[in-house]
Amino acid sequence: MSLANRDLVTMDDLSYGEMEAVFSLADEMSDAMAEQLDTCRGKVMASLFFEPSTRTRLSFEAAMHRLGGDVISVSDARASSVAKGESLADTARVVGSYADIIVVRHPWEGAARVVADYADVPVINAGDGGHQHPTQTLCDLFTLKKERKDIRGLKIALWGDLKYGRTIHSLIFALAKFGADILFCPSPGLEVPDNIIRKLTAEYGGQVEHVTAPERTADGAPFPLDAVYMTPSSPHQLAMMPDVNVAVSLEEGVDAIYVTRPQKERFVDDEEGQDLKGKYPVVDKKLLKGKRFERALVMHPLPRVDELAYDVDADPRSMYFKQAARGVPIRMALITMLLGARDISIQAEEDISVLSPDYPVYQRDYGARCPNPACVSTKETEAQYLKSEFRIVSREPLTLRCIYCEHGFQPEYVASTDWHEGRVATKRYHRANSYWARKIKPENLIVFGSVDDAETHGFTYGRHEGTKKVKK
Ligand code: NCD
């Protein structure tokens, strides 16, 4: 097995064994930095940053320079043809013909998937809106491994903006792959989205328990624990006694606390920002005095704002500048492997707990679009050529997951391409939770975003329903 010519868009693209291979090459390279100058000589990396960045862009570019390769870059969307309304697909095809590898950061969720689908060269997602940021996760895991040797069985508290933090979303799936337990500590209103919890429990086999009794820190301050994910490899998984599990989990203390800033640029309205005043949990020296945090590494993808006090910087448990520094060897290893510049064989190690269900794929060029307004497939320049593409992750209730942004939703109305008797006059649509809807085969399914959507396409309401249609 090899990573050559592959893309890294989400954490699904790397197995446990492949991540371990990236870490061991990163280790080898950081011990011999000066000897890497011929590794990627003659290769060109395009770095397309359509959103602000310091660490990610500079560490990618530094990595390519240290490998002896060259870099071409766009660091401001206003200076590229995107400002003239060019689509991502066209940008990807063109840049793919200039460079051997593309690194892309974009504010739209799923943008990196589109670039990967249209460019002929490997594509690395350097952050796509609030969706994922897999290379930051590699730096985070590499740090955990260096400091704690084995990630399996560790208890990691994720802190702050768990709703829009893309580093959080990638880290959740990676920690599950490594068999760690996760404590979710969100700022109120910024809890982990349901689609992530659903994917975590359906595809990684563990359990998520919501915490009902409020927790307190040693000095009585509230500890914002909202839920706990227990890996199936955890020795404490006592399915019948979830409350005991959570209590046991906390008594043992936390191995790392991963702090994030509020991702204000992604908040949907001003209210979301206002609500945070005085409520966003802060990590400072006082909090870290608690017994629960005695051995906790303090991690942060940076940049920080107010959520992580400067008084923690001198503490030996603080890891954030090490995480940032490790970005260069990690990205050197990843670029080398995706370019196939070194012959690295990867052991086909089993993932600890990935179930990889084979969900049917739904694809249509009409009917419901992804309801997530941040999704790339809803944007004017992209909707012209991207079809609605979803995975059918559940039939009851019917739940679809967008293949671009991975947002999950339950459509209200459905129809079948295999309509009764094949006559246009009998094209019927039904409520998604009706008896008729359940009879539709996945390959014949059509989902509609509204009654109007169904009726504009010539469908009339199923007469067998027995319930009145409700106009939205
Ligand atoms: C993060 C990002 O861009 O998502 N930064 C980074 O890449 N190190 C985190 C953030 O911006 O809060």
Side-chain angles (χ1 to χ4, degrees), residues 8-11 26 47-63 73-77 103-113 124-144 156 158-175 185-187 190 192-193 196 256-267 272-273 276 280-283 297-309 312-313 318-332 334-335 374 376 405-406:
L8 174 53
V9 174
T10 71
M11 288 321 293
S47 122
L48 307 181
F49 278 71
F50 300 120
E51 242 193 7
S53 170
T54 304
R55 272 152 295 274
T56 308
R57 183 164 75 83
L58 295 184
S59 64
F60 262 114
E61 296 186 2
S73 63
V74 170
S75 57
D76 179 0
V103 178
V104 60
R105 167 170 288 192
H106 201 285
W108 298 340
E109 298 184 12
R113 162 93 289 134
I124 303 176
N125 180 7
D128 57 336
H131 179 219
Q132 289 219 12
H133 189 352
T135 65
Q136 177 62 46
T137 293
L138 291 176
C139 304
D140 304 336
L141 295 180
F142 190 51
T143 300
L144 281 171
I156 314 293
L158 304 182
W159 191 275
D161 185 349
L162 312 190
K163 181 174 179 184
Y164 295 109
R166 56 193 173 196
T167 64
I168 291 283
H169 303 159
S170 293
L171 186 56
I172 287 173
F173 297 120
L175 289 173
C185 305
S187 176
L190 297 174
V192 183
I196 293 188
I257 174 166
Y258 190 95
V259 192
T260 55
R261 75 178 168 93
Q263 308 281 303
K264 288 195 173 147
E265 68 276 33
R266 289 188 240 294
F267 287 177
E272 234 169 349
L276 292 182
Y280 202 87
V282 173
V283 171
L297 303 172
V298 183
M299 302 177 73
H300 195 304
L302 299 178
R304 73 173 133 184
V305 212
D306 302 320
E307 68 288 344
L308 177 60
V312 181
D313 293 3
S318 65
M319 288 293 131
Y320 25 100
F321 294 113
K322 284 191 182 170
Q323 280 165 269
R326 287 169 178 151
V328 176
I330 281 290
R331 291 176 170 115
M332 286 170 74
L334 184 67
I335 294 168
V376 65
C405 69
E406 300 194 86

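Note that the coordinates shown come from a computational prediction; the quantities given were computed from them, not determined experimentally. Counting convention: from 1, in listed order, for ligands and their atoms alike. Only this structure's heavy atoms are used, side chains among them; waters, hydrogens and symmetry mates stay out.
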### Task
Please identify each residue that fulfils salt bridge (Lys or Arg N to Asp or Glu O under 4.0 Å) with R55, with sequence neighbours left out.
none
If you look at each N/O of ligand 1, which protein N/O atoms lie under 3.5 Å away, and at what distance?
{"from": "ligand 1", "atom 1": "3 (O)", "to": "R105", "atom 2": "NH1", "distance (Å)": "3.4"}
{"from": "ligand 1", "atom 1": "3 (O)", "to": "R105", "atom 2": "NH2", "distance (Å)": "3.2"}
{"from": "ligand 1", "atom 1": "3 (O)", "to": "R166", "atom 2": "NH2", "distance (Å)": "2.9"}
{"from": "ligand 1", "atom 1": "4 (O)", "to": "R166", "atom 2": "NE", "distance (Å)": "2.8"}
{"from": "ligand 1", "atom 1": "5 (N)", "to": "L302", "atom 2": "O", "distance (Å)": "2.9"}
{"from": "ligand 1", "atom 1": "7 (O)", "to": "T56", "atom 2": "OG1", "distance (Å)": "2.9"}
{"from": "ligand 1", "atom 1": "7 (O)", "to": "R105", "atom 2": "NH2", "distance (Å)": "3.2"}
{"from": "ligand 1", "atom 1": "7 (O)", "to": "H133", "atom 2": "NE2", "distance (Å)": "2.7"}
{"from": "ligand 1", "atom 1": "8 (N)", "to": "Q136", "atom 2": "OE1", "distance (Å)": "3.2"}
{"from": "ligand 1", "atom 1": "8 (N)", "to": "P301", "atom 2": "O", "distance (Å)": "2.8"}
{"from": "ligand 1", "atom 1": "8 (N)", "to": "L302", "atom 2": "O", "distance (Å)": "3.1"}
{"from": "ligand 1", "atom 1": "11 (O)", "to": "R261", "atom 2": "NE", "distance (Å)": "3.4"}
{"from": "ligand 1", "atom 1": "11 (O)", "to": "R261", "atom 2": "NH2", "distance (Å)": "2.9"}
{"from": "ligand 1", "atom 1": "12 (O)", "to": "R261", "atom 2": "NE", "distance (Å)": "2.7"}
{"from": "ligand 1", "atom 1": "12 (O)", "to": "R261", "atom 2": "NH2", "distance (Å)": "3.4"}
{"from": "ligand 1", "atom 1": "12 (O)", "to": "Q263", "atom 2": "NE2", "distance (Å)": "2.9"}

#### Entry: For S170, the option from Q132, Q136, H131 that meets side chain to side chain donor-acceptor pair (under 3.5 Å)
Q132
### Query
What residues form a salt bridge (Lys or Arg N to Asp or Glu O under 4.0 Å) with R113, not counting sequence neighbours?
D117
### Listed partners of E406 passing salt bridge (Lys or Arg N to Asp or Glu O under 4.0 Å), at least two apart
K199
### Query
So how far is it from S59 OG to R326 CZ, rounded to the nearest 0.5 Å?
14.0 Å
### Message
Under a 3.5 Å threshold, yes or no: a donor from one side chain and an acceptor from the other, between Y280 and D306?
### Response
no
